[in-house]
Peer 1: 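Here it is, the structure, as structure tokens.
Here is the naming used below: chain letters follow the sequence lines, and residue numbers restart at 1 for every chain. Reckoned from all heavy atoms, side chains included, excluding hydrogens, waters and symmetry mates. The shown structure was predicted, so the numbers you read here are calculated from the model rather than taken from an experiment.
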Amino acid sequence: MPEMPEVETIRRTLTGKVEGRKITRIEIGLPRLVKWPTAHEFQALITDRTVVTLQRRGKYLLFYLDNDYVLVIHLRMTGRLYYVNPGTTYDRFTHLIFTFDNGDLLLYADTRTLGTLYLLPQAELWRISGLVSMGPEPLSAEFTLDYLINMLSKRKAAIKSILLNQHLIGGLGNIYVDEALAIAGIDPERVANSLNATEAQYLYQAVNQVIADGIAHGGTTFRDYRDGAGQSGSHQYHLNVYGRTNEPCHRCGTAISRKEVAGRGTHYCPNCQK
DNA sequence: AATTCAGCCTGTGCGC
DNA sequence: TGCGCACAGGCTGAAT
């Protein structure tokens, strides 16, 4: 579900609420969501720990605790985190409940239950392979035009597949990849190493732009996504192609097409994207 | 090493 | 109201 702008928005809406708060109680309704260690150990190690800081890497949220452990949460497709006041009701998809020393709650809800939670010492974060092997993020100092050009030159998969690969670029997902390719005017099925320097530069700028805009708009809410306070984002009102199948292209009026690329539903303008 | 793809889950929306 | 199917914002691990 959430991509980097959504996870960053969640981080921003939660950080002031949870930093400095002690977790006094945890209820785990679906133990299999806890991937490391056992749910029982997870519960014991978190109880009575204080959240020192809340960070993000790609689509992972990292709650650094005062016992040198880190609570790592990946929301996958439908995971949600809500910070709520005591007495707030919650639905049957709420699988973990963290209670803080002021009585407030952090709810982890997940319809499809694909989300994952870990608790590891800082020195053992390497156990989360998707976290340690993540590529540079858009808008970061490491994500340079040279990096993108060099990386693309070695790849012959579809550009859509490359942009979705978290090992190569961290944080992009299906929405923002489709949007970046639309802004850059590049066909999602183009072989990565076929892009020339100009196209790579357009793509570089487009990737940074869609991520920055997504964050500025508080993320994209289609169905499940909400921020840490339960609020919807507004980037869905600024999309060029995603979810706009058969609607006119904002640039040329041609109907937006949809097809499967890299195993994902892909939206594009057949006239503007070459 | 790079790439593809089934599998993991449960829900919503549509055509009939 | 029900049934079957397509689709869903992501990632992992196995096979090629």
Peer 1: Please give, in whole Å, the distance from C:dG10 C1' to A:I128 CD1?
Peer 2: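 Atom CD1 in A:I128 sits about 15 Å away from atom C1' in C:dG10.
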
Peer 1: Taking all heavy atoms of A:T266 and all of A:D178, pick out the closest pair and write down the distance.
Peer 2: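 That closest heavy-atom pairing would be CA-OD2, 3.5 Å.
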
Peer 1: With the threshold set at 4.0 Å, does a side-chain nitrogen-carboxylate oxygen contact exist between A:D187 and A:K274?
Peer 2: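 No salt bridge links A:D187 with A:K274.
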
Peer 1: Separation of A:Y242 atom OH from C:dG9 atom P, in whole Å?
Peer 2: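 That distance rounds to 4 Å.
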
Peer 1: Looking only at side-chain N and O atoms, does A:R92 come under 4.0 Å of OP1 or OP2 in B:dG11?
Peer 2: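 It does, given that an N or O in the side chain of A:R92 lies less than 4.0 Å from OP1 or OP2 of B:dG11.
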
Peer 1: How many Å lie between CD1 on A:I159 and C1' on B:dT3, as a whole number?
Peer 2: 14 Å

Peer 1: I need the CG-P distance between A:L75 and B:dC9, as an integer number of Å.
Peer 2: 18 Å

Peer 1: Expressed as a whole number of Å, how far does the C1' atom of C:dG9 sit from that of B:dT3?
Peer 2: 23 Å

Peer 1: Verify salt bridge (charged side-chain N to carboxylate O under 4.0 Å, His left out) between A:E137 and A:R56, making sure each step is shown before the conclusion.
Peer 2: CA-CA 11 Å; A:E137 295 183 24; A:R56 179 193 57 73; 3.1 Å; yes

Peer 1: Does A:H74 put a side-chain nitrogen or oxygen below 4.0 Å from OP1 or OP2 of C:dC11?
Peer 2: yes

Peer 1: So, is A:R223 close to the B:dT12 phosphate, meaning a side-chain N or O under 4.0 Å from OP1 or OP2?
Peer 2: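 No, outside the criterion.
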
Peer 1: Which whole-number value in Å describes the distance from A:N165 CG to B:dA1 C1'?
Peer 2: 12 Å

Peer 1: Just the rounded figure in Å: distance from P of C:dC7 to CD1 of A:I175.
Peer 2: 17 Å

Peer 1: C:dC11, OP1 or OP2 - any side-chain N/O from A:R112 closer than 4.0 Å?
Peer 2: no

Peer 1: Check this one for me: any side-chain N or O of A:K59 less than 4.0 Å away from OP1 or OP2 of C:dC11?
Peer 2: yes

Peer 1: Could you measure the distance from the CG atom of A:L120 to the CZ atom of A:F42? Nearest 0.5 Å is fine.
Peer 2: 10.0 Å

Peer 1: Counting only Watson-Crick or G-U wobble pairs whose two distances fall under 3.5 Å, which nucleotide matches B:dC9?
Peer 2: none

Peer 1: Between A:S161 and B:dT4, is there a side-chain N or O to OP1/OP2 distance below 4.0 Å?
Peer 2: yes

Peer 1: Group every Ile, Leu, Val, Met, Phe, Trp and Tyr by side-chain heavy-atom contacts under 4.5 Å, then state whether A:Y202 and A:Y176 land in the same group.
Peer 2: no

Peer 1: Taking OP1 and OP2 of C:dG9, is either one under 4.0 Å from a side-chain nitrogen or oxygen of A:Y176?
Peer 2: no

Peer 1: Does the side chain of A:Q166 get closer than 4.0 angstrom to OP1 or OP2 of C:dG10 through an N or O atom?
Peer 2: no

Peer 1: Ignoring backbone atoms, test whether A:R264 places a side-chain nitrogen or oxygen under 4.0 Å from the OP1 or OP2 oxygen of C:dG9.
Peer 2: yes

Peer 1: Taking pairing as Watson-Crick or G-U wobble with both contacts under 3.5 Å, can you name the mate of C:dG9, or confirm there isn't one?
Peer 2: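 Answer to the pairing question: none, since C:dG9 forms no Watson-Crick or G-U pair.
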
Peer 1: Closer to the 5' end of DNA chain C via nearest nucleotide, is it A:Y60 or A:T220?
Peer 2: A:T220

Peer 1: Can you work out whether A:R32 or A:K154 has the more 5'-proximal nearest nucleotide on DNA chain B?
Peer 2: A:K154

Peer 1: Determine the interatomic distance between P on B:dC9 and the same-named atom on C:dA14; round to the nearest Å.
Peer 2: 16 Å

